[in-house]
Amino acid sequence: MPNSSSVSEFLLLAFADTRELQLLHFALFLGIYLAALLGNGIILTAVACDHRLHTPMYFFLLNLALLDLGSISTTLPKAMANSLWDTRAISYQGCAAQVLFLVFLVGAEYCLLTVMAYDRYVAICKPLHYGSLLSSRACVKMAAAAWGSGFLNAVLHTANTFSVPLCQGNAVDQFFCEIPHILKLSCSHAYLRVVFLLIVSLCLAFACFVFIAFSYVQIFRAVLRMPSEQGQHKAFSMCLPHLAVISLTVSTAMVAYLKPPSISSLSLDLMVSFLYSVLPPTVNPLIYSMRNKELKDALWKLFGHLLLQHP
């Protein structure tokens, strides 16, 4: 039986068999990827160039845009290349790198969304202490903790996953390398330690979710006690984009991983995994910029400056 040392490449799941559909998928992926690059790139540029946006909320938003760019760049370019060149292969090292970066970036994003919930909590429930609790140094430390936690989690998962012997071939039933699908290729007795690590990570993710939920319970209680409707509207406007991003991220992941096995199929799994891995990084910039006047003003100022420089 082959083991992990004899596997030199994996075969990813193709979106289509006919050449016409493969090229159509390539064009679709390219459009989505360019939209994600444009949206997150604009947010990065606006926050970096406008000093009025050098606040904790926009600092964390800049980090979120970086993570979104990284996560979608981990999966889509390889899927586009496979569709364009009519291949399914990814090298063993490329698969390990894909797992490492995807787990790292997704884990760090979830930690960052937890930090952003704390930012909203302090801004609304403890506004007088906002400057001291969320100083520049504190923000950098919290962002670094989110990135560091995601990286440590990814290293542990990747090392454990790719140390397991593979006895079930090399065909991955997914369009990118993902731990659950790689574990399906492992020997039945060899993956228990990886499953244990997954359970630990799920417990940590649940703890973050509880913290986010508790923060928003406190936020809504504080908002409902505000005497003015204008203050309530401003507070809700601050929180709604963050809530929408969390809802999108959690709901798509839950649909992907918690759907009943009875309704599972290759085509449905492919569609769901595409949604949870590609939709949030593409839509997040739109969610944050749609009703954000400060960000819109910064973007118009940036575009106006560029137009004046290039008449």
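Bear in mind that the values here come from a model prediction, so they are computed numbers and not experimental data.
For the pair F162 and I182, the tightest heavy-atom approach, listed with the atom from each and the gap, is CZ-CD1, 3.6 Å. In this structure, C125 and A222 approach most closely via the heavy-atom pair SG-CB, 3.8 Å. Of all non-hydrogen atoms in D68 and P280, the two that sit nearest each other are OD2-O, 4.5 Å. The shortest heavy-atom contact between W147 and A108 is CA-CB, 4.0 Å. Scanning both residues, A35 and T282, for their nearest heavy atoms gives CB-CG2, 4.4 Å. Nearest heavy atom pair, residue L185 against residue G169, reads CD1-O, 3.8 Å.
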Take E9 and N170 through the test side chain to side chain donor-acceptor pair (under 3.5 Å) and record every step on the way to the result. CA-CA 7 Å; E9 67 177 17; N170 67 338; 5.0 Å; no

With side-chain contact (heavy atoms from CB on, under 4.5 Å) as the test, would you mind laying out the steps for L69 and L44 before giving the verdict? CA-CA 10 Å; L69 278 177; L44 286 171; 3.5 Å; yes

Run the numbers on F209 and Y110 for ring pair (Phe, Tyr, Trp, His ring centres under 6.0 Å), then give the verdict. CA-CA 9 Å; F209 180 78; Y110 193 54; 7.7 Å; no

Would L38 and L34 count as a side-chain contact (heavy atoms from CB on, under 4.5 Å) here? Give the steps. CA-CA 6 Å; L38 179 63; L34 291 177; over 6 Å; no

Test side-chain contact (heavy atoms from CB on, under 4.5 Å) on T114 and Y118; report intermediate values, then the result. CA-CA 7 Å; T114 307; Y118 176 71; over 6 Å; no

Could you walk me through whether S273 and E178 satisfy the side chain to side chain donor-acceptor pair (under 3.5 Å) test, starting with their C-alpha distance in whole Å, then the side-chain angles of each, then the deciding distance to 0.1 Å, before giving a yes or no? CA-CA 10 Å; S273 62; E178 192 179 32; 5.9 Å; no

Could you give me the CA-CA distance, side-chain angles and deciding distance for M226 and I124, then say whether side-chain contact (heavy atoms from CB on, under 4.5 Å) is met? CA-CA 10 Å; M226 289 180 178; I124 293 172; 4.0 Å; yes

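With S163 contributing its side chain and N160 its backbone, the two residues share a donor-acceptor pair below 3.5 Å. Judged by distance alone, the side chain of Q98 and the main-chain N or O of T74 form a donor-acceptor pair under 3.5 Å. Checking side-chain atoms of S73 against main-chain N and O of G70 turns up no donor-acceptor pair under 3.5 Å. Between the side chain of R88 and the main chain of L13, no donor-acceptor pair closer than 3.5 Å is present. Between the side chain of D119 and the backbone N or O of V115 there is no donor-acceptor pair closer than 3.5 Å. With hydrogens and angles disregarded, no donor-acceptor distance shorter than 3.5 Å links the side chain of S149 to the backbone of A146. Listed for the T249 side chain is a donor-acceptor partner under 3.5 Å among the backbone atoms of V245. Here the side chain of S83 pairs no donor or acceptor atom with the backbone of M80 at under 3.5 angstrom. Side chain of T158 to backbone of V155: no donor-acceptor contact under 3.5 angstrom is found.
Residue-environment remark: CZ (R19) exceeds the threshold of 12 foreign heavy atoms within 6.0 Å. In F151, the CZ atom is not crowded: 12 or fewer heavy atoms of neighbouring residues, nucleotides or ligands sit closer than 6.0 Å.
With a 4.5 Å cut-off on side-chain heavy atoms, I72 and P77 do not count as touching. V140 places a side-chain heavy atom less than 4.5 Å from the side chain of F59. With contacts defined as side-chain heavy-atom distances shorter than 4.5 Å, the pair I43/L64 does not qualify. Two residues are said to be in side-chain contact when any heavy atoms from C-beta on lie closer than 4.5 Å; N153 and F104 fail this criterion. Residues F175 and L12 fail the side-chain proximity criterion, which asks for heavy atoms closer than 4.5 Å. Using a 4.5 Å heavy-atom threshold, the side chains of F10 and L166 count as touching. Side-chain contact check for F214 versus Q218: some heavy-atom pair is nearer than 4.5 Å. Contact annotation: the side chain of F60 approaches that of M142 to within less than 4.5 Å [non-hydrogen atoms, C-beta and beyond].
Between H242 and Y216, the ring center distance clears the sub-6.0 Å criterion. For F274 and F29, the gap between ring centers is short of 6.0 Å.
Put simply, CG on L66 and CG on N40 are 8.5 Å apart, with the number rounded to the nearest 0.5 Å. Rounding to the nearest 0.5 Å gives a distance of 11.0 Å between CD1 of I287 and CG of L240. In this structure, OG1 on T45 lies 12.0 Å from CG on D50, to the nearest 0.5 angstrom. Atom CG in L84 sits 14.0 Å away from atom NE2 in H25 (nearest 0.5 Å). Distance SG/C208 to CG/L112: 11.0 Å, rounded to 0.5 Å. Atoms CG and NE2, on L62 and H54 in that order, are 8.5 Å from each other to the nearest 0.5 Å.
Linking Ile, Leu, Val, Met, Phe, Trp and Tyr residues whenever their side-chain heavy atoms come within less than 4.5 Å leaves W85 and L24 in two separate clusters. One hydrophobic cluster holds both L28 and L23 under the rule that ILVMFWY side chains link at heavy-atom gaps under 4.5 Å. Under the 4.5 Å side-chain heavy-atom criterion for ILVMFWY residues, no single connected hydrophobic cluster contains both V172 and L11. The hydrophobic clustering, which links ILVMFWY residues whose side-chain heavy atoms are closer than 4.5 Å, places Y121 and L128 apart. When hydrophobic clusters are built by joining Ile, Leu, Val, Met, Phe, Trp and Tyr residues whose side-chain heavy atoms come closer than 4.5 Å, directly or via intermediates, V217 is not grouped with V250.
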